2 protein chains.
Amino acid sequence: MMNQSETREKVLAAAERLCQTRGYNGFSFRDLAELVGIRSASIHYHFPAKADLGKALIIRYRQKMETILLEIDRRESTVAGRFKRFIATLREILKDENRMCLCGILAAEAGTLSPEMKAELRRFFDECEAWLAAQLLVGRQRGELAFAGSPTTAARTMFGAVEGAMIASRAFNDDSRLVESANWMFAQMAAT
Amino acid sequence: MMNQSETREKVLAAAERLCQTRGYNGFSFRDLAELVGIRSASIHYHFPAKADLGKALIIRYRQKMETILLEIDRRESTVAGRFKRFIATLREILKDENRMCLCGILAAEAGTLSPEMKAELRRFFDECEAWLAAQLLVGRQRGELAFAGSPTTAARTMFGAVEGAMIASRAFNDDSRLVESANWMFAQMAAT
DNA sequence: GTCTATAAGATGATAGAC
DNA sequence: GTCTATCATCTTATAGAC
């Protein structure tokens, strides 16, 4: 028998995978239980309602992203290098079972999510956009990038483009779409 | 009593709305029947399986988009004007009940869709991207736009950005996100 | 074409034994 | 913590009357 946090983590990992491939409304507690190797009633012990699971899913995913972004900052010093590694991380998700960004697919399904889930979702977008905006600002200050308007608007556009490109990549089963779009955007912002 | 095509159209219109707000896996034949004012069994008369309804939904949406794009070409002569009107059309969708582009939300749920639905979905992306690419090519030839690489890559990136911006707009319940991102992208491509 | 009736299975969720 | 058992409800889908 496993302790609480061990099973909880297994459930979250499996649920994340299911949600990324089939969407929040595309998987059930039974699908999840089967994947983890326990009964669906046991899932309810850890997450009373599906919305509780959904909320935990977003928080965990956001925390993982925070770690990834910190690691990128640590390992890459140039804006170009950071952006490239950011895209590479997302590409890995696509390559693995054609998964989508968890929060991108959830945002598409926002109409059926609990208010709490939607609030957590917005935080994820806020954080990713803030990180991108910080990179863009530095890039412009260093004279590496050229773009009009606020870094915030540029970051929102870029992150939206990344999420949209992931969706299209999935539809066409072609992860090169994400990379091509990312490269194009960065080239378009390269200072002349 | 209504003739076949009349009810069929009512069903499709209601299903489109439900799908745009709740996603394909977020509405049932009963929800749909209630909205149309008939019984769910009657829906099955027009669309034996849900995937048949889904396929018809995409084809109809794509045809409507084709009409919209032709109309835009007819009424606007400049690339900037056409792009602006294209975005305005999508913004209207967002303003109305915070709806999402039908094919954007379906592409996000692609993992649960029938192969036929996925094929129709790709056609929608192909057509929108082809239209955008044609506009971008003309814009560059006229010296109004400046961008590197093929119009196809630029168009794919822009359309992905538009879909992504719609998703974010929905999550934040703020349709200005779409417009700001669209304006930013166009400004970024404006020839100096 | 639309209805009632119904099937067969899935779904989120709970009670209570171990 | 996990199980069995069970629930009420919902889901897609079909048969057959009108």
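Owing to the predicted nature of the structure, the values given are computational and were not obtained by experimental measurement. Just so you know, these numbers use all the heavy atoms, side chains as well, and skip hydrogens, waters and symmetry mates.
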Rounded to the nearest angstrom, tell me the gap between atom [atom1] in [X] and atom [atom2] in [N].
{"X": "K50(A)", "N": "dT14(C)", "atom1": "NZ", "atom2": "P", "result": "15 Å"}
{"X": "F47(B)", "N": "dT14(D)", "atom1": "CZ", "atom2": "P", "result": "15 Å"}
{"X": "L32(B)", "N": "dC10(D)", "atom1": "CG", "atom2": "P", "result": "16 Å"}
{"X": "F27(B)", "N": "dC10(D)", "atom1": "CZ", "atom2": "P", "result": "17 Å"}
{"X": "L113(A)", "N": "dG12(C)", "atom1": "CG", "atom2": "P", "result": "14 Å"}
{"X": "I38(A)", "N": "dG1(D)", "atom1": "CD1", "atom2": "C1'", "result": "9 Å"}
{"X": "E34(B)", "N": "dC10(D)", "atom1": "CD", "atom2": "P", "result": "10 Å"}
{"X": "E6(A)", "N": "dG1(D)", "atom1": "CD", "atom2": "P", "result": "10 Å"}

With a cut-off of less than 4.0 Å, is there a side-chain N or O of [X] near OP1 or OP2 of [N]?
{"X": "S28(A)", "N": "dA10(C)", "value": "no"}
{"X": "S42(B)", "N": "dC3(C)", "value": "yes"}
{"X": "R30(A)", "N": "dG12(C)", "value": "no"}
{"X": "T7(B)", "N": "dT2(C)", "value": "yes"}
{"X": "H46(A)", "N": "dT2(D)", "value": "yes"}

Just verifying a value: how many Å separate [X] [atom1] and [Y] [atom2], rounded to the nearest 0.5 Å?
{"X": "T78(B)", "Y": "R142(B)", "atom1": "OG1", "atom2": "CZ", "answer": "7.5 Å"}
{"X": "L69(B)", "Y": "R62(B)", "atom1": "CG", "atom2": "CZ", "answer": "12.5 Å"}
{"X": "H46(A)", "Y": "L53(A)", "atom1": "NE2", "atom2": "CG", "answer": "11.5 Å"}

If you check the [X] side chain, which of [options] turns out closest?
{"X": "D31(A)", "options": "dT2(D), dT12(D), dT11(C)", "result": "dT11(C)"}
{"X": "R39(A)", "options": "dT4(D), dG12(C), dG1(C)", "result": "dT4(D)"}
{"X": "H44(B)", "options": "dC3(D), dG1(C), dA13(D)", "result": "dA13(D)"}

Greater than 12 external heavy atoms within 6.0 Å of R39(B)'s CZ: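 Atom CZ in R39(B) is not packed in, count stays at 12 or less.
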Scan F29(B) against the nucleic acid and name what it touches under 4.0 Å (heavy atoms): base, sugar-phosphate only, or nothing.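 Answer is sugar-phosphate: F29(B) comes under 4.0 Å of backbone atoms only.
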So, do M166(B) and R170(B) sit near enough that their side-chain heavy atoms are less than 4.5 Å apart?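 SC-SC contact between M166(B) and R170(B) ruled out.
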